[in-house]
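For reference, the structure is listed below as structure tokens.
All heavy atoms count here, side chains included; hydrogens, waters and symmetry mates do not.
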Amino acid sequence: MKNAIELWQDMYKNEPPWKGGPNNTIPLNLPAVISSEFARLILTEFRIEISGSQMAEYLDGQLKKDTLELEKFVEWYCAGGGIAIKPYVSGVDENGQPTAIKLDFVRSVDFFPCAYDNEMITAAVFVEGKKVGDYLYTRLEYHELSGREYTITNKAFRSEQIFQYDTDGGYTVNDRFQTEVPLSSVPEWAGLSEEPVRIGNMDKPLFVYIKVPVANNIDTASPLGVSVYSRATEVIEKTDEQYGRFWWEYKATEAAINADESLFATDKKGKPVLPAGEERLFRTFDFDKADNGSGFIQTYAPEIRYDAQSKGLNKQLQLIELLVGLAPGTLSEMQDVEKTATEIKNGKQRSYHTVNAMQQAWQRGFENLIEAMRTLAVLYSIVPDGKTELNCSWGDGVLEDTDAEYQRRWAMVLAGKLKTEDFLQWYFGCSKEEALAMMPEQTPQFPPEE
């Protein structure tokens, strides 16, 4: 799985192993486009709210602060096959008590499960790296739920000294775990305990792992998910190669004039002096030596095979759409796919089922995350315990036009077929009690009879 996850990350960064090479392959950045499109579809109409008590109000505020860039995190989730979310306490008051609960979104390349059962991952290592001076420091945070005892252990390591840097400031290290060092070696880690922290009476881990709901056909025994484009890796590679051939043909068929050197004046070194600004157009040869005679001139303008090349590329894109679960026409050109409104909706069913499954995975993830955050809030006495009701609204904008659906439902309200509070609950993604509170007080249309 490690090699597969690293490949998906390289593809997401548009640095796949097949980039360049003898054929000068040009990546189309399709993995990032696919991940971004899925993230957009998942969150198009997303709303989240926690209600029910002072605890719920506190958790709602903390959650919304750390999910302002949720679309970015969902994109990471799609590319890596999953994402881990680890809540932790932050900030202190005058009594030294934590005041906030923050969220750490951990990419799949930095998350390593160590134990799991049919329901959840019960032990895992989180990896964090920081460069200080000419050294890379790595922190390993190990979480383990054994029975009802929960243990958190932190260890820090230092790499060998970094001597060489790339032109863009990048670097590589051979052994990032060369020497174990105190956590205080990095200022941001200085407040962490050097000794294992143990918490009793725990039923679930203090982290959540949300995976892409696609069967892992790379390692069937692994609890980790697979990238949304894992089954299209080879096709994406061939598509990148096709795109490279497409642009190579553009370059190869670029109009030019083949002309004998005798047609141009020469410079001091005897080289032809081409018309200023037109150097790219002319290609000079000594045609006298080629038996074509001096003064020979020939235009070079072969016809480009645009239709054949573009259709071939489009077919590859359609195959990728099928393999990743996107609707036809998302990546490919529309004129080759759906023709009628019914066909368009039927085509969108593929995206709908894929996106709906991922929305349900995030729904379960948020439920477990709220439970973990609540555990920390009670453990550190940040706020009194209380009822927490999670309300996630996802909508179905993948299939429906939101404006058209609004008009349809409002027409049902006016016709007396739908209650106003149900309409408000759908539109604002709130609870029924909140919808009732939004409604204005009823005023009589006629004065009461005396």
Side-chain angles (χ1 to χ4, degrees), residues 37-74 77 85 101 103 208 210 327 341 344-345 348-349 351-371 373-374 377 383-448:
E37 178 63 12
F38 271 123
R40 184 188 69 82
L41 294 172
I42 291 169
L43 299 174
T44 294
E45 298 178 19
F46 173 69
R47 295 185 182 90
I48 188 169
E49 187 172 20
I50 311 168
S51 58
S53 65
Q54 182 184 350
M55 168 69 78
E57 183 179 345
Y58 172 79
L59 295 180
D60 184 69
Q62 299 298 301
L63 180 66
K64 287 177 178 175
K65 284 180 184 178
D66 276 10
T67 53
L68 294 176
E69 295 184 295
L70 184 59
E71 189 160 342
K72 177 182 74 174
F73 301 135
V74 174
Y77 153 85
I85 311 175
I101 297 177
L103 300 178
V208 173
I210 307 172
I344 290 173
K345 185 167 184 177
K348 287 184 177 180
Q349 286 285 351
S351 284
Y352 175 77
H353 289 301
T354 308
V355 169
N356 182 255
M358 288 192 278
Q359 288 172 338
Q360 291 180 30
W362 276 88
Q363 174 86 30
R364 293 189 295 271
F366 277 125
E367 290 170 357
N368 291 327
L369 177 62
I370 296 306
E371 191 172 339
M373 294 174 68
R374 179 179 175 180
V383 66
D385 197 8
K387 177 184 176 183
T388 55
E389 181 181 335
L390 177 65
N391 186 0
C392 286
S393 174
W394 300 96
D396 52 5
V398 177
L399 287 177
E400 298 288 350
D401 183 312
T402 305
D403 292 335
E405 181 66 10
Y406 177 95
Q407 296 299 332
R408 187 179 72 85
R409 295 198 186 210
W410 182 242
M412 292 174 68
V413 173
L414 296 178
K417 304 292 185 182
L418 181 69
K419 292 181 179 180
T420 306
E421 58 266 31
D422 291 336
F423 172 80
L424 294 173
Q425 189 176 355
W426 164 77
Y427 186 72
F428 290 104
C430 60
S431 65
K432 192 163 188 175
E433 292 76 14
E434 291 170 324
L436 288 169
M438 292 180 191
M439 296 174 60
E441 294 183 5
Q442 298 292 329
T443 55
Q445 295 182 348
F446 303 98

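Closest of all the heavy-atom pairs between Thr354 and Phe38 is CG2-CE2, 3.6 Å. In terms of heavy atoms, Ile50 sits closest to Leu63 at CD1-CD2, 4.0 Å. Residue Ile42 comes nearest to Gln359 through the heavy atom pair O-NE2, 3.0 Å, listed as atom of the first residue, atom of the second, then distance. Across Phe366 and Leu70, no two heavy atoms sit closer than the pair CZ-CD2, 4.2 Å. Residue Ala39 comes nearest to Glu71 through the heavy atom pair CB-O, 3.8 Å, listed as atom of the first residue, atom of the second, then distance. Nearest heavy atoms, Thr388 versus Leu59: CG2-CD1, 4.0 Å.
A donor-acceptor pair under 3.5 Å is formed between the side chain of Arg374 and the backbone N or O of Gly386.
Atom CD of Glu371 sits about 9.5 Å away from atom CD of Glu367, to the nearest 0.5 Å. Rounded to the nearest 0.5 angstrom, Leu103 CG and Met373 CE are separated by 5.0 Å. With rounding to the nearest 0.5 Å, the separation of CD in Gln425 from CG in Leu436 is 8.5 Å. One distance of note links CD of Glu49 with CD of Glu389; it measures 9.5 Å at 0.5 Å rounding. Once rounded to the nearest 0.5 Å, the distance linking CD1 of Ile210 with CD1 of Ile85 reads 4.0 Å.
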Throw together a table of side-chain donor-acceptor distances under 3.5 angstrom for residues 410-420, partners on residues two or more places apart or in other chains.
none

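Under the 4.5 Å side-chain criterion, counting only non-hydrogen atoms from C-beta, Leu43 is in contact with Trp394.
In terms of the salt bridge (charged side-chain N to carboxylate O under 4.0 Å, His left out) criterion, Asp422 has no residue partners (sequence neighbours excluded).
For Phe46 and Trp362, the ring centers are positioned 6.0 Å apart or more.
Applying the side-chain hydrogen bond (donor to acceptor under 3.5 Å, both in side chains) rule to pairs touching residues 51-64 yields Asp60-Lys64, sequence neighbours excluded.
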